[in-house]
Every structure is written in C-alpha cells, then in structure tokens.
There are 2 protein chains.
Amino acid sequence: MVGMARAATTSDVFNAIAEPQRRQILVLLRAGERPVTELAQELGMTQPGASKHLRVLREVGLVRDRKAGRQRLYGLDARGLQPVHEWTGGFEQFWNASFDRLDAYVQDLKQTRQKE
Amino acid sequence: MVGMARAATTSDVFNAIAEPQRRQILVLLRAGERPVTELAQELGMTQPGASKHLRVLREVGLVRDRKAGRQRLYGLDARGLQPVHEWTGGFEQFWNASFDRLDAYVQDLKQTRQKE
DNA sequence: CCATCATATGCCCATATTGGCATGCGTCAA
DNA sequence: TTGACGCATGCCAATATGGGCATATGATGG
C-alpha cells in the first residue's frame, strides 16, 4: 500500500456528518421517523441517493431503521453526536480567548520590532 | 460534469475536523503555539504531512500562523468550532430520548404481532 | 401469480483526499 | 557568501466518495 485516501466515512461520526446532506437528513429526522422516499423528496435528492446517505448514517449508528409494511422508516438515534458535542465543547474556553491571543501576538510583534 | 465526490475539505469546518490527525493537531494547539516540526514529531507524522493538515486547518480558519524567525508558529483559533458545537447541541434533547423511542418501537412491534 | 410500490445495490465516472518524496524558498548562523 | 534549518509545495499513487442509472429485492394488493 503506497497511498491512502481518507478514513472510511462509515467508520466514524465526524466523517459521517461532514456531508451537508447527511446533516440535513438528521435535522429532518428530529421531527420524527420518515420513509426513504419522503426524505429524498423533501431534500431534493434521488431515492438511491437518499438510501446511500442513510446507509452511512445507519452504519455509524446515527439512525435506526424499522420495517413498516412496504416502507422502511428511518429514525434518529442522536447518541452518537454526543462525542462530537463534547469534543468541540473542549474548545469552548478558546472561543472568546482567540481575539485576546491575537492581540497578544500583535503586542509581541511590536516589542520585537522596537528591540531591533 | 457527470460525477462529484465530496465538498472540498477546505470549504467547511465539519469536513476539516473529519480527519483524526487534524483533530489531534487542534488538541495539541490548546496548550499553545507550536512550530510545524514540533507538531509533526509529537503526532508521529512527516513534516510535509503536518504542513498539509495545517494548511487545511488554516483555510477554514481554525488555526492562525505567525512567522517567528525561521519557524512558523501555528496557534489555535477555535471560533470556527462553535457552529459545530451548536449544531450537535441541537440534538441534545434526543440523546436521552433515544432509548425511550427504541422502547416505543418494541412496544409497537409487539402490538402489531398480537393483532396478526 | 402478477403488477406495483418502496428500497437497497451494483457499476461507472469524475473528483477529492492523504501519504511519501523530492524540491523550492526564505532565514539564520558562521 | 555559504550551508543548514524549517516549511510549503508539487507530483504521483492508491482510495474513498457522491451522483446518475439500471436493476435486484421484498412486500402488498388484486
């Protein structure tokens, strides 16, 4: 193996939600279970397209599916999003500090120049 | 254009943090600014590799860089992570509800079977 | 049993990546 | 000025995707 591409999107949640349409699907599912075709329509994608995205979401555990007659209802299982929320939360203290740090840089630069 | 792959990773934060090594870089930078080589060493990657990941992070605005002599110090700018935190936070109410919903499914199935 | 509806898959194409290596470029020290 | 150091890039190889289409699968209703 000489080159590698990217970790399979099906392997982790971060990758699964990197796709805008998959995020939209998750948002839609907050309103409740929905069959594939309905999701496809509401999001303006083809049925195969929706199925493929749903498959990825299913494999990382963000959605569950349940057979209901001829349909297959997909439902949200947001537990997998918690790690992402927590990971980003670990940077919360830096959101506001960023500007201050930037200022610190500028100060540093000014002092450095004065010394030269 | 007949086929498309995936939105450029450099275009949004969700995609930028989909890469494990880039997440590690961000975590390391919480401790403060660091030159490329040092990051590469600590994460066990080559210098070009680190540079490439840093470039992606820079283009989505998650890191800033500052020249310091021969070195280039990279620093964290976590503001871009806030949207991700908020998006996932929008599912917080479903983290605990998931099990209940699952139970509801089981109940449904049982009733359905009894009817048959 | 048959036509139809609802989905999942397989295949092919064009693209986006990531990694390894070599190399260009600017900076600093002797 | 010259050589070493620190980084960014370019190029190539191997892969993972996402979309469009056709088609296999399954279940339902007559």
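Chain identifiers are assigned alphabetically (A, B, ...) following the order of the sequence lines, protein sequences preceding nucleic acid strands; residue numbering begins at 1 within each chain.
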Quick check, are the ring centers of Trp95(B) and His85(A) under 6.0 angstrom apart?
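Yes, the ring of Trp95(B) comes within the 6.0 Å limit of the ring of His85(A), centre to centre.
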
Is it true that the NZ or CZ of Arg30(A) lies under 6.0 Å from the centre of Phe91(B)'s six-membered ring and within 45 degrees of the ring axis?
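Positive - Arg30(A) is close enough to the ring of Phe91(B) and near enough to its axis.
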
Taking atom types as they are modelled, is there a donor-acceptor pair under 3.5 Å from the base of dA6(C) to the side chain of Gln47(A)?
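Result: no qualifying N/O pair found.
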
Do Arg58(B) and Tyr74(B) have side-chain N/O donor and acceptor atoms under 3.5 Å apart?
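There is such a pair between these side chains.
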
Gln47(B)-Ser51(B) side chain donor-acceptor pair, cut-off 3.5 Å
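Checked: Gln47(B)/Ser51(B) side chains pair up, N/O donor to acceptor below 3.5 Å.
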
Asp77(B) side chain near Phe94(A) side chain, heavy-atom distance below 4.5 Å
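Asp77(B) does not reach Phe94(A) side chain to side chain.
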
Judged by each residue's nearest nucleotide on DNA chain C, which is more toward the 5′ side, Arg58(A) or Ala68(B)?
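Closer to the 5' end of DNA chain C: Arg58(A).
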
Tell me which of Gln71(B) and Gly69(A) sits closer to the 5' end of DNA chain D, going by the nucleotide each one is nearest to.
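Mapping each residue to its closest nucleotide by heavy atoms, the 5'-most match is Gln71(B).
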
With sugar-phosphate meaning primed atoms plus P, OP1 and OP2, does Ser51(A) contact a base, only sugar-phosphate, or nothing at under 4.0 Å between heavy atoms?
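Base, at least one base atom sits under 4.0 Å.
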
Within the structure shown, what part of the strands sits under 4.0 Å from Pro35(B) by heavy-atom distance: base, sugar-phosphate, or nothing?
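Sugar-phosphate only.
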
Among dG20(D), dG18(D), dG26(C), the nucleotide that comes nearest once only the side chain of Thr46(A) is considered:
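Output: dG20(D).
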
Any [X] side-chain nitrogen or oxygen under 4.0 Å from OP1 or OP2 of [N]:
| X | N | value |
| --- | --- | --- |
| Thr37(B) | dC5(D) | no |
| Tyr74(A) | dA8(C) | yes |
| Arg22(A) | dG18(D) | yes |
| Gln21(A) | dG19(D) | yes |
| Arg72(B) | dA8(D) | yes |
| Lys52(A) | dA8(C) | no |

Distance check needed: [N] [atom2] versus [X] [atom1], whole Å only.
| X | N | atom1 | atom2 | answer |
| --- | --- | --- | --- | --- |
| Leu73(B) | dT27(C) | CG | P | 15 Å |
| Asp65(B) | dG26(C) | CG | P | 16 Å |
| Arg55(B) | dG6(D) | CZ | P | 22 Å |
| Glu33(A) | dA6(C) | CD | C1' | 16 Å |
| Glu19(B) | dT15(D) | CD | P | 17 Å |

Could you check whether any side-chain N or O of Arg22(A) sits under 3.5 Å from a backbone N or O of Ala16(A), counting only pairs where one atom can act as donor and the other as acceptor?
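Looks like yes, one N/O pair under 3.5 Å.
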
Can any side-chain N or O of Glu19(B) pair as donor or acceptor with the backbone N or O of Gln21(B) at less than 3.5 Å?
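Yes, the answer is positive, given that a donor and an acceptor are paired below the 3.5 Å cut-off.
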
Nucleotides 1-5 of chain C: which of its N/O atoms have a protein N/O under 3.5 Å away?
residue, atom, partner, partner atom, Å
dC5(C), O4', Arg70(A), NH1, 3.1

